Amino acid sequence: MARIGVFICHCGENIARTVDVAKVRDAIAKHPGVVHAIDYRYMCSAPGQELIREAIKEKGLTGVVVAACSPHMHEKTFRNACTVAGLNPYLCEMANIREHCSWVHSDREKATEKAIELVRFLVEKVKRNRPLTPVKVPITKRALVIGGGIAGIQAALDIADGGYEVILVERQPSIGGHMAQLSETFPTLDCSQCILTPKMVEVRQHPNIRLLTYSEVEDVKGYVGNFEVTIRKKARYVNEEVCTGCGACIQRCPQKRIPAEFERGLGRRTAIYIPFPQAVPNIPVIDREHCAYFRRGGCRLCEKECPRNAIDFNQQDQLITEKVGAIILATGYDLIPSDLYSEYGGGRYKDVIDGLQFERLLSASGPTNGEILRPSDNKEVKSVVFISCVGSRDRSKGIPYCSKICCMYVAKHAILFKHKVHDGQAFVFYMDVRAAGKGYEEFVRRAIEEEGAVYLRGRVSKIYQQDGKLIVRGVDTLSGMPVEIPADLVVLATAIKASDGVTELAQKLGVPVDEHGFLAEAHPKLRPVETQVAGVFLAGTCQAPRDIPDTVAQASGAASKVLAMFSQEAIEREPTIAKVNEQTCVGCFECQRVCPYRAIERKEIRDRQGNLVKVVAYVNPGMCAGCGACTVACRNHSVDLEGFAEEQMFAEISAIVAA
Amino acid sequence: MTAYAYFPGCSAHGTAKEYDQSTRSVCARLEIELNEIPEWVCCGASPAHAVNHLLSFSLVAKNLDLSPTNQIVTGCAACFNRFKTTLYTLQHDRPLWERIRQIVQPTKLNGSDFRIAHLLEVICDDFGLDNLKERVVKPINGLKVACYYGCLLVRPPRIMAFDDPDNPTKMDELMKAIGAEPVEWEFKTECCGAFHAIPHPEIVLALTSKILQAAKDANADVISVACPMCQINLDLRQLDLKKQGKNFDIPVLYFTQILGLALGIAENELGLDRLIIDPLPKLKERQVV
Amino acid sequence: MKQLAEQIARTDEVPILLTEEAQKFTQEVIGRSGERVDWCYQCGKCTAGCPVTFAMDIEPSRVMRLVQLGQEERVLRSKAIWLCVGCQTCTTRCPQEIDIAKVMDTLREMATEKGYAADREVVTFFKSFLDNIRKYGRTFEPMLVFQYNLKSGHLFQDADKAPLLLSKGKLPMRPSKGSMSVQRIFDALEGNKR
């Protein structure tokens with residue numbers, strides 16, 4: 001006979017405000033099989049858990065239903081409590097009366113009714129639950145880090161220093177990411193290259209890191225601890241084994257006017273190129289699109305020039321397959337296109353640039369050698385206007401979020417501009433200055449108080465050209481006056497968005513993407529570096545806009561999660577997986593066709609003489625994710641899902657229908 | 001031959017007579033059939049929507065009811081805007097639509113399935129610039145034109161869906177097609193002050209003088225417009241600006257007048273003589289006439 | 001001196017008094033316009049782009065702010081709402097997607113209903129214009145200007161231009177008339193009000 005205990009949580013006011021918990025308790029207490037029903041303010045707290053443990057022991061419960069929040073939140077908590085009291089954890093279920101009820105309803109009476117229903121059908125399910133034991137799966141103790149910016153570099157180094165192998169994949173020809181493009185960093189004004197390049201070199205030299213640049217992840221199979229990834233290593237047309245990075249080929253290349261991606265179009269590069277002098281690896285790549293040989297045959301001057309015969313025009317893309325146990329996504333960000341605003345010229349004005357372009361103008365190794373010159377005519381800039389929140393916090397552009405880093409880098413730009421152009425004037429249009437970080441507020445005050453930047457509170461409505469200047473028409477809402485500034489240069493602090501292609505990559509991994517295209521963390525507060533997919537972690541701006549210190553901290557956090565996982569001999573997986581009834585299975589393998597996890601294998605059944613009797617389906621417990629697709633596809637009900645068996649599901653449905 | 005219901009707008013019978021005149025000549029020449037909406041009424045312009053939105057929508061709905069077809073063309077940017085805004089609002093607000101029907105008591109109007117086009121769209125998009133090029137008998141070579149679109153053709157873009165709200169190019173493309181040289185300038189959609197010409201002419205003078213100056217700075221010979229309100233503010237108010245010592249002396253033509261010249265239509269059929277700033281000296285200088 | 005005296009006479013208006021009723025006017029404006037004035041975060045882009053800010057007593061973004069603070073009198077008594085020319089620049093560029101020009105329409109409508117007419121010239125012009133439509137179904141420009149000049153007291157405004165316009169054939173002698181059913185529309189709307 002089932003002896004079920006029901007524990008109803010108030011969640012402070014979260015549930016109790018909308019659901020009459022006492023009424024739920026009284027109603028469910030009368031339900032057949034329920035021998036114990038109580039409510040409590042915080043069921044997840046230590047005394048709350050104690051209530052469950054005591055009841056299990058004292059009342060000899062055979063099943064537990066906790067009516068509280070989402071199982072995502074606390075299923076583990078309550079199942080652990082049951083385990084401690086000697087009850088198999090899989091005999092404990094949660095009825096979600098918060099997200100599925102109190103948070104989405106306002107009518108107290110109806111919400112209470114619904115809560116009773118939710119609890120009732122879970123009681124019916126739990127009556128039919130069987131004790132289950134987690135599946136143990138071995139781990140491949142090698143990690144894959146996707147993205148070689150500061151986030152990926154930090155994560156790779158931390159894991160490698162922990163003694164495990166790391167494969168670092170970067171789609172650009174060099175690692176370094178956006179940080180390599182920056183001149184100096186706030187709030188200390190450290191030279192970005194100076195603090196980044198030693199780490200880049202360390203990556204290159206680390207015995208535990210295998211660096212694959214100019215490479216992209218094509219496919220991911222498997223599951224936590226046992227992923228199989230396919231990486232496309234794009235043809236560089238330069239043999240990495242023999243190239244010394246002498247640069248003779250670059251000198252010789254006749255195609256010299258190609259807009260350089262690293263300089264964000266402000267500088268030029270050749271068709272065979274190294275993105276920047278400190279690139280890692282320091283090996284050039286040939287850009288097929290602009291190379292004279294690939295365009296029309298002939299040329300091959302680089303090949304003739306190379307003293308090591310490293311140029312290989314016949315090189316092909318390589319597909320590399322590797323087994324890894326964990327994956328860290330560190331795919332970074334892009335800026336939105338700055339031509340999004342037609343009132344700011346819509347890309348028509350050369351002297352309206354974005355923040356990263358201004359970094360390149362500031363950089364001593366940039367296209368102007370660190371002089372602040374206008375892109376249109378190379379005239380020295382005397383008056384510069386910085387505009388914050390271009391795209392960010394702009395509902396009309398579909399970007400309601402704050403890009404977080406702009407307030408600080410705009411202050412940095414204003415300071416660095418003043419350092420370079422002593423008689424120049426910087427103006428900053430802002431809506432709010434968000435400087436919540438160590439030393440940040442002081443840094444912004446420094447821009448205003450010591451470097452003389454004029455801060456104007458308001459947005460800019462229009463920019464147009466007149467007499468060789470850009471006329472910036474804005475407002476200072478503090479004085480209530482429209483403002484007009486004839487400027488030499490305008491820098492737009494354009495919004496941060498997740499990198500191009502990250503959605504496609506996320507789909508390959510099954511990682512959810514949030515409404516704005518950033519990768520979604522498992523829990524915004526308590527699991528910020530994990531994803532919903534076990535074994536896949538996040539680091540840096542792929543998850544949300546953030547600055548370098550936060551990125552590095554998060555990358556180290558993700559790395560420590562991987563290290564914790566690798567410190568175990570095997571990982572436990574949920575036993576809620578499919579199971580085949582070999583007696584009835586006819587071997588049609590419809591289940592294999594529909595399984596998205598490639599978990600169904602063929603199993604031969606032989607008699608004692610070794611003669612093949614029949615072939616049936618077999619579920620690999622390591623790969624099955626318990627999605628249940630096979631159970632629906634099976635024509636004669638030979639596959640069932642542990643923990644979600646048909647019998648249990650029908651009991652739930654019957655309980656609802658009966659009501 | 002495509003037929004359109006034609007909504008001339010009130011100024012067509014007064015200050016913008018030459019716009020109506022040149023519109024009809026050009027359309028006749030291009031075999032675009034215009035059927036003037038019988039007994040059409042004022043769209044209400046700014047004064048109606050400014051103080052009584054129901055009146056404003058009702059006046060447009062009245063015209064829809066009077067219209068012989070559901071494809072309507074007008075040359076006036078303000079009327080165009082009122083029609084488009086009304087259709088957009090009524091299509092998105094069913095209860096309001098019912099209320100307007102009660103007020104207007106339409107005789108045949110059922111749905112809001114209308115297309116309201118500005119004359120520029122009819123010529124550039126429906127007729128097509130490639131076709132137009134074939135009809136040009138006297139290319140307007142060498143005439144530098146500042147195309148002025150004003151506010152209401154392009155804004156708000158969500159409703160008007162006409163062209164880029166800051167740098168529209170439809171009229172510029174038309175000018176190129178007939179051989180003229182549209183100048184790059186920044187005041188294509190800056191406001192001329194509109195109805196303030198009567199209650200607060202000083203506002204109009206302040207705004208138009210900036211627009212006229214920008215056109216001059218861009219070395220334009222003439223300004224081309226697609227709205228009677230814009231035209232009179234930019235043209236007639238030059239007389240007042242002259243009294244302030246600002247002598248622009250820049251002719252402001254309707255685009256249909258320039259187009260008419262390219263199509264070989266006689267000057268008197270285009271009403272060039274009705275313009276306040278006489279365009280003939282400039283047109284002669286550029287050998288357009 | 002006179003200005004200072006006027007300012008001091010308004011001592012009871014400063015500071016802005018906020019009570020539990022403060023949002024009544026705000027909600028009325030939101031309800032009637034259908035526009036989320038409460039979304040305005042005071043970026044000022046409307047003020048920056050407005051072609052007539054220079055002539056306004058309260059700039060557009062501050063009109064929005066005063067609506068948020070429920071300042072009915074201050075807003076409906078302002079000249080700014082009448083100086084708004086409806087060019088739609090603010091509406092086009094508002095990052096919070098507020099149709100500010102439409103809010104201005106609503107405010108003028110409310111000001112008219114409550115008998116505020118802070119800008120006599122604009123109000124007179126609008127009245128003359130609508131009278132014209134009611135009478136002829138269309139506007140008859142010479143009559144419109146004549147009527148406006150008479151009512152506003154600017155008797156000879158633009159009179160100097162009449163002979164020129166006449167010579168250009170731009171001043172018709174007789175009105176062109178539209179469907180007289182407009183009168184029914186006006187009547188229906190007046191009935192509506194009652």
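Throughout, protein chains are lettered first and strands after them, A, B, ... in sequence-line order, and every chain is numbered starting at 1. Note that the coordinates shown come from a computational prediction; the quantities given were computed from them, not determined experimentally.
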Heavy-atom pairs under 4.5 Å with chain B, option from C/Leu171, C/Val145, C/Thr112, C/Asp119 with the top count: C/Asp119

Contacting region of C/Leu165 [heavy-atom separation from chain B under 4.5 Å]: side chain

Interface moiety of B/Leu152 toward chain C, non-hydrogen atoms closer than 4.5 Å: side chain

Pairs of heavy atoms under 4.5 Å with chain C: top-ranked of B/Leu239, B/Ile37, B/Ile203: B/Ile203

Proximity breakdown for B/Pro201 and chain C, heavy-atom pairs closer than 4.5 Å: side chain

Full working for side chain to side chain contact (heavy atoms under 4.5 Å, CB included) between B/Arg155 and C/Thr89: CA-CA 7 Å; B/Arg155 283 191 295 261; C/Thr89 306; 3.3 Å; yes

Residue pair B/Arg237, C/Lys161: steps toward the side chain to side chain contact (heavy atoms under 4.5 Å, CB included) verdict: CA-CA 10 Å; B/Arg237 294 295 153 184; C/Lys161 299 185 185 69; 3.8 Å; yes

Donor-acceptor contact below 3.5 Å, side chain C/Glu109 vs main chain B/His53: yes

Heavy-atom proximity to chain C below 4.5 Å, by part of B/His13: both

Side-chain donor/acceptor of C/Lys168 to backbone N/O of B/Arg274, under 3.5 Å: no

Under-4.0 Å salt bridge between C/Lys170 and B/Glu18: yes

Side chain, backbone, both or neither of B/Ile159 within contact of chain C (heavy atoms, under 4.5 Å): neither

Residues of residues 126-134 of chain C near chain B, each having a heavy atom less than 4.5 Å away: C/Phe126, C/Phe129, C/Leu130, C/Ile133

Stepwise side chain to side chain contact (heavy atoms under 4.5 Å, CB included) test for B/Cys191 and C/Val85: CA-CA 9 Å; B/Cys191 180; C/Val85 68; 3.8 Å; yes

Side-chain donor/acceptor of B/His196 to backbone N/O of C/Leu83, under 3.5 Å: yes

For chain C, which residues of residues 78-95 of chain B have heavy atoms nearer than 4.5 angstrom: none

B/Asn63 versus chain C, the contacting section by heavy-atom distance below 4.5 Å: neither

Side chain to side chain contact (heavy atoms under 4.5 Å, CB included) between B/Val41 and C/Tyr136, worked out: CA-CA 9 Å; B/Val41 299; C/Tyr136 308 114; over 6 Å; no

Non-hydrogen atoms of C/Pro172 and B/Gly14 that approach each other most closely: CD-CA, 3.9 Å

C/Ser181 versus B/Lys62, side-chain donor and acceptor atoms under 3.5 Å: yes

Under 4.5 Å from a heavy atom of chain C, the part of B/Ala197 involved: backbone

Check: B/Trp40 main-chain N/O paired with C/Arg138 side-chain donor or acceptor under 3.5 Å: yes

